[in-house]
Amino acid sequence: MTNDAAGREERPGTASGTRGRQPVAAVDADGHRSVPQPDAQRLGAPAASEHEPCPGTAADARERVRRLLDGLAGAPLPARVVNDILLVTSELVTNALRHGGGIAAFRAEIVGGAVRVSVTDRSPTPPSSGPRPHIATPGGFGWPLVQRLSRSVAVTPARDGKTIEAVVPLVPDGT
């Protein structure tokens, strides 16, 4: 990984081409769905949802992202794309709960043909993956899966934790 000028780490070979683009639909940590105009009208995205706290489980986060995806107008997304997005969401939230001291913030938004999922936790320790001591040792697959399924992954350190942002395309990559 490399650090950019803002201190974020990015996976080599990825482009964070979604940075700076205006989201067309988003769900923040409080569950508010915001839809900037006029893209909301073009996509037929739903209006604001009721206030919700940060998701307490990976299932809560997946449901929130599923609602965001369901709000898109047009043809349904391929099952593979939806599954990839939900798996990345689940892994980020599970890692924040298991290794990061809990979720401090959660946001999912549609940006430039992709879903950007951001999870802020309370641990400054960056994610890592390494060889497992034994083949039967459980775990260790989540972070590599997030990196494999995402167009880009950025880790932004903060004084009291970090934010991990993964951008997953809305179209299959053909592999």
Rounded to the nearest 0.5 Å, the NE2 atom of H99 sits from the CG atom of N95 at a distance of 5.0 Å
Can you check whether T120 reaches F106 side chain to side chain, under 4.5 Å on heavy atoms? no
May I have the step-by-step check of side-chain contact (heavy atoms from CB on, under 4.5 Å) for V81 and V171, ending in yes or no? CA-CA 6 Å; V81 169; V171 295; 5.6 Å; no
What verdict does the side-chain contact (heavy atoms from CB on, under 4.5 Å) test give for V88 and D84, after you've listed the backbone C-alpha separation in whole Å, the side-chain angles of each residue and the deciding distance to 0.1 Å? CA-CA 6 Å; V88 167; D84 287 353; 5.6 Å; no
All heavy atoms of S150 vs all of A166, minimum pair found to be OG-CB, 3.5 Å
When rounded to the nearest 0.5 Å, the distance separating OG of S152 from CZ of R116 is 8.5 Å
Distance col, row R80:CZ vs L149:CG, nearest 0.5 angstrom, shows 8.5 Å
**Prompt:** Heavy-atom distance under 4.5 Å between the side chains of P124 and P157, does that happen here?
**Reply:** no
Exercise for review: Before accepting this row, confirm whether a basic side-chain N of the pair K162/D121 lies closer than 4.0 Å to the acidic partner's carboxylate O.
Suggested key: yes
message = So L72 and I110, do their side chains get closer than 4.5 Å, heavy atoms only?
response = yes
*Test L69 against I85 for side-chain contact (heavy atoms from CB on, under 4.5 Å), laying out the working first.*
CA-CA 10 Å; L69 297 174; I85 294 166; 4.2 Å; yes
Residues R151 and G112: closest non-hydrogen pair is NH1-O, 4.1 Å
Looking only at the side chains, is there a donor atom on one of T89 and R62 sitting less than 3.5 Å from an acceptor on the other? no
Given R122 and D160, is the side-chain contact (heavy atoms from CB on, under 4.5 Å) satisfied, shown in steps?
CA-CA 6 Å; R122 293 175 170 86; D160 297 328; over 6 Å; no
**Study point:** Any V167 side-chain heavy atom under 4.5 Å of V115 side chain
**Key:** no
How about V155 and P127: do any of their side-chain heavy atoms sit closer than 4.5 Å?
yes
Practice task
Please answer whether the main-chain N or O of D60 pairs with a side-chain N or O of T57 as donor and acceptor at a distance below 3.5 Å.
Solution key: yes
When every non-hydrogen atom of G142 is compared with those of E91, the smallest separation belongs to CA-OE1, 3.0 Å
A108 and V65 have their tightest heavy-atom pair at CB-CG2, 3.8 Å
For A58 and L97 the tightest heavy-atom approach is N-CD1, 4.4 Å
Using only atom types and a distance under 3.5 Å, with no angle test, would you say the side chain of S90 pairs donor to acceptor with the backbone of L86?
no
Sub-4.5 Å side-chain heavy-atom contact between L170 and L77
yes
- Query: Less than 4.5 Å apart, any side-chain heavy atom of V168 and any of V117?
  - Reply: no
